[in-house]
Structure formats: C-alpha cells, structure tokens
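Written below as structure tokens is the structure these notes are about.
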Amino acid sequence: MTTRADALKLDSQDAFAKKRGEFYLPQGTIYLDGNSLGVLPKAAVARVKHAVDVEWGTDLITSWNKHGWWTLPRVIGNKIAHVIGAAPDSVVVADSISVNLFKVLSAAVAQKPTRKVILSDSGNFPSDLYVAQGLCTFMNDGHSLRVVEPEAVLDAITEDVAVVMVTETDYRSARRHDMKAVTEKAHAKGALMIWDLAHSAGAVPGRLDEVNADMAIGCTYKYLNGGPGSPAFVHVHPRLQSKVMPALVGWWGHAAPFAFGQKFEAAQSIARMQCGTQPMLSMQALDAALDVWADVDMNALYAKAQTMCRLFTEWAEARCAKFGITLYGTRQWNTRGSHVCLRHEQSYAIMQALIERKVIGDFRAPDMMRFGFAPLYNSFADVWDAVDVLHNILETEAWNKPEFLAKKSVT
Ligand SMILES: *Cc1c(COP(=O)(O)O)cnc(C)c1O
C-alpha cells in the first residue's frame with residue numbers, strides 16, 4: 001500500500017522541485033487548476049510594478065521605444081517558440097485564442113479557394129467550433145464546418161477539406177492527437193493544418209516544426225502562467241508568412257505602420273498576424289513568466305506530468321472507486337496531456353466541497369471533476385493530499401449540502 005511517505009520520496013528526487021520557489025502558492029492550498037489559470041510567477045510581480053511605476057508612470061509614451069513595448073509581442077513570441085517547438089520569428093503574441101483562430105482560419109481557407117470544408121472534431125473546445133461557424137456564416141459562400149469524432153479525424157480528411165483545425169490535447173479527456181499523422185494526412189490531401197495548443201503549451205513537448213504544421217494558436221494563461229486574460233499566441237510557419245492574409249488586419253500588421261498610408265500592405269513576417277494595440281501590462285507579466293521556461297527540458301517535464309496523472313488516477317481509484325469515481329479517457333499516459341478528469345454523478349457538488357477545503361480543480365459538464373497538474377510547481381505531496389481530501393469528502397458525504405449543490409456562474 002502506498003503512503004504519503006512515498007509521495008514525499010518522489011518529491012525529494014524531483015528535478016523540478018526547485019522551480020516551485022519561483023511561484024506564489026497560496027498557503028494551505030493545493031492548486032490543481034494550472035491548466036485553466038496558472039499561478040503567479042514571482043518575477044511577474046516585480047516586472048508589472050516596474051511597468052506601472054517607471055514605464056507607464058514616468059516614461060509614458062516614450063516607453064514604446066525606450067522599453068521595447070512595440071516589439072515585445074515578437075520578443076515574447078520567440079520565448080514561446082522555444083516551448084512549442086517552432087522556429088524563431090514564427091510566433092507573435094496578441095489578442096485571444098478565439099480571435100487568433102479567426103485570423104488563421106480565414107487566412108487558411110483563402111489559400112484553398114476551391115475547397116469549402118473546415119474539418120474539426122467533437123472533442124474540440126466549443127469556442128473553436130463557434131469561431132469556425134461564425135466564419136462560415138460570415139463568408140456566406142458555401143463554406144461549412146464538418147465535425148467528426150476525434151477518432152475519425154484521419155479518415156475524414158478528404159480532398160474537399162480546405163483546412164484541418166483541431167486541438168492537440170482534449171480539454172476533458174486529455175487525449176492527444178497524433179500530430180504527425182494528422183498533419184501528414186492533411187498535407188497529403190492538399191489541406192492546411194492548424195493546431196490549437198491551449199492545453200499543450202507548457203505541458204507536453206512542443207513539436208510544431210517536427211510535424212511540419214502550418215499554423216497554430218494557443219493561450220498563455222494556462223500552463224504558461226501569463227496571468228488572467230494574458231494575450232494568446234499565434235504561429236505561422238515561415239513558408240507561409242508572406243502568403244497568408246488574415247481577414248482581420250490592422251496597423252500593427254502593416255509593413256510600415258508609421259507611414260500611415262491609406263492602403264493596407266502586410267508586413268512580410270509574422271508581424272502581419274497582429275491587428276491593433278496590445279495590453280502592455282499583461283505583456284510584461286507574460287514576458288517575466290516565460291523566463292521561468294528558459295532552462296526547462298520539456299521531455300523531462302512531460303515525464304513528470306505523466307507520472308503525476310498516473311499516480312493521481314491510481315491513488316484515487318484505489319481509495320475512491322467504491323464511491324463511484326471513474327476515469328474519463330485513456331490510461332495510455334504518453335498519449336495524454338497533463339490533466340485528469342474523474343467522473344461521478346455528483347461531480348459538481350464534490351468539486352465545491354474540494355474547493356472549500358482548498359483543493360482547487362474545476363467542474364466540466366456533464367459530470368466531470370478536472371484536475372490539472374503543473375509539473376513546474378505541483379508536488380507529489382499535492383497529488384497525495386488531494387486524493388486524501390477527495391476520499392474524505394466522499395466517505396463522509398460532505399458534498400451533500402445545498403450550498404455545494406447549487407451551481408455558480410463560472411464552474
Ligand atoms: C482555453 C481554450 C480556449 C480559450 O479561448 P480564449 O479565446 O482564450 O478564451 C480556446 N480553445 C481551447 C482548446 C482552449 O482550451
């Protein structure tokens with residue numbers, strides 16, 4: 001029988017244990033929601049303070065040059081490129097995932113004028129599907145979104161598909177698509193390939209160039225710890241950067257923005273994926289947050305992620321299966337992201353009871369408790385203690401209270 005001492009032993013051997021000190025972790029809280037909103041990196045606090053006091057407060061407009069505000073989205077893009085396995089100067093930070101998806105999707109369909117299908121899967125995050133639906137409605141020229149089961153994506157890539165748009169890591173089951181196989185098939189059938197890396201960036205080794213992806217998007221407030229609402233990233237492979245034209249363009253993507261010409265002429269670089277002015281305070285926090293990643297070995301990080309997911313599941317099943325807990329998704333740990341969904345018919349109330357006891361995860365409809373494991377700051381003791389609290393809540397039926405059963409607006 002495993003004990004807490006086994007978890008502590010794993011922590012003592014963990015090469016990432018020293019990284020934990022680079023983050024603020026609220027006392028007494030076991031935070032298993034880094035896949036939704038990463039914790040605060042200590043370096044971000046000083047950076048934002050400097051940005052407010054000195055850059056905004058004193059240097060004001062001169063900061064665009066003096067403090068590198070204008071180029072910061074591309075400077076940060078290069079730090080992200082390192083994490084997601086993309087070439088330098090192929091990533092820029094801007095806007096949200098949903099907005100960036102609109103840009104890359106519109107740019108991709110325009111490259112394939114004779115094809116009318118955008119292919120995605122039913123495991124995708126709904127916003128991605130909504131954006132594709134909105135684009136099709138807007139184009140009003142016969143384009144449509146085809147949604148198939150995740151397992152059916154490969155076979156559904158046929159010669160009428162303009163672009164395959166899927167998310168690598170499923171936000172509920174954590175199942176990862178085989179990026180190489182899907183990208184190869186898309187290219188073999190003449191389609192472009194867009195990857196959403198929302199639940200992958202900072203959790204699994206980045207492979208965009210290795211798999212020869214065309215474009216990608218992802219957010220920075222999950223595993224990358226950029227802060228609430230921090231701007232998203234967009235990647236375009238260098239071979240496409242001067243070819244693709246997003247439907248949303250603006251002066252930040254102009255070849256000569258300060259010439260203020262009347263006609264849009266796109267920058268011959270990743271800069272064309274920018275539209276307008278970006279939130280500089282958020283950018284500063286993100287830039288500081290990304291410095292934590294400079295020396296991270298992504299393969300080692302993913303190895304720790306897999307161990308955490310496996311142990312959490314094994315410990316939870318050993319102690320809580322008798323209360324009706326089941327795993328949602330595969331047990332092939334090397335084909336998953338870094339979160340685990342457990343099903344139970346009272347998942348919502350159980351999660352509320354967990355949160356009250358300072359074990360933070362989230363509920364995902366219809367019946368899942370989702371626990372994210374961030375290898376940079378979660379410990380194996382966190383994993384053990386979270387299962388311990390879960391077990392206690394189930395055993396005592398502490399979840400069975402009116403205040404836990406009533407749904408809040410953000411779950
Ligand atoms: C979190 C997430 C989003 C969020 O999109 P925003 O526009 O940043 O709100 C989109 N897609 C996926 C797959 C996600 O996991």
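These numbers come from the heavy atoms of this one structure, side chains and all, not from hydrogens, waters or symmetry mates. Counting convention: from 1, in listed order, for ligands and their atoms alike.
When non-hydrogen atoms are compared, ligand 1 lies under 4.0 Å from neither the backbone nor the side chain of V99. Within the 4.0 Å heavy-atom criterion, neither part of S127 lies near ligand 1. Heavy atoms of I97 found under 4.0 angstrom from ligand 1 belong to the backbone as well as the side chain.
Side-chain N/O atoms of N124 and S120 include a donor and acceptor closer than 3.5 Å.
Of the polar atoms of T167, none of the N or O atoms is found under 3.5 Å from an N or O of ligand 1, judged by distance alone. Polar contact check, Y221 against ligand 1: a nitrogen or oxygen pair lies under 3.5 Å apart. Looking at ligand 1, you'll find an N or O of K222 within less than 3.5 Å of one of its N or O atoms. Considering backbone and side-chain N/O of H199, one or more are found under 3.5 Å from N/O of ligand 1.
Within the listing of ligand 1, atoms 7 (O) sit less than 4.0 angstrom from a heavy atom of S96. Near A198, meaning under 4.0 Å from one of its heavy atoms, ligand 1 places the atoms 2 (C), 12 (C), 13 (C), 14 (C), 15 (O). Atom numbering of ligand 1 starts at 1 in the shown order; those under 4.0 Å from a heavy atom of S98 are 5 (O), 6 (P), 7 (O). Per-residue contacts place D196 under 4.0 angstrom from the following atoms of ligand 1 (heavy atoms of the residue considered): 11 (N), 12 (C), 13 (C).
Taking the ring axis of W384 as reference, the NZ or CZ atom of R319 stays within 45° of it and closer than 6.0 Å to the ring centre. Within the cation-pi definition used here (under 6.0 Å to the ring centroid, within 45° of the axis), K42 qualifies as a partner of Y24. The side-chain tip of K304 does not point at the ring of Y377 from less than 6.0 angstrom away and within 45° of straight on.
Taking the centre of each ring, W70 and F258 come in below the 6.0 Å mark.
The nearest protein atom to atom 11 (N) of ligand 1, hydrogens excluded, is given as D128 OD1, 2.9 Å; this is a heavy-atom distance.
With hydrogens and angles disregarded, no donor-acceptor distance shorter than 3.5 Å links the side chain of Q274 to the backbone of A94.
Checked options Q241, R239, H235; the residue passing with H237 is R239 (criterion: side chain to side chain donor-acceptor pair (under 3.5 Å)).
In this structure, W252 and P73 approach most closely via the heavy-atom pair CZ3-CG, 3.9 Å.
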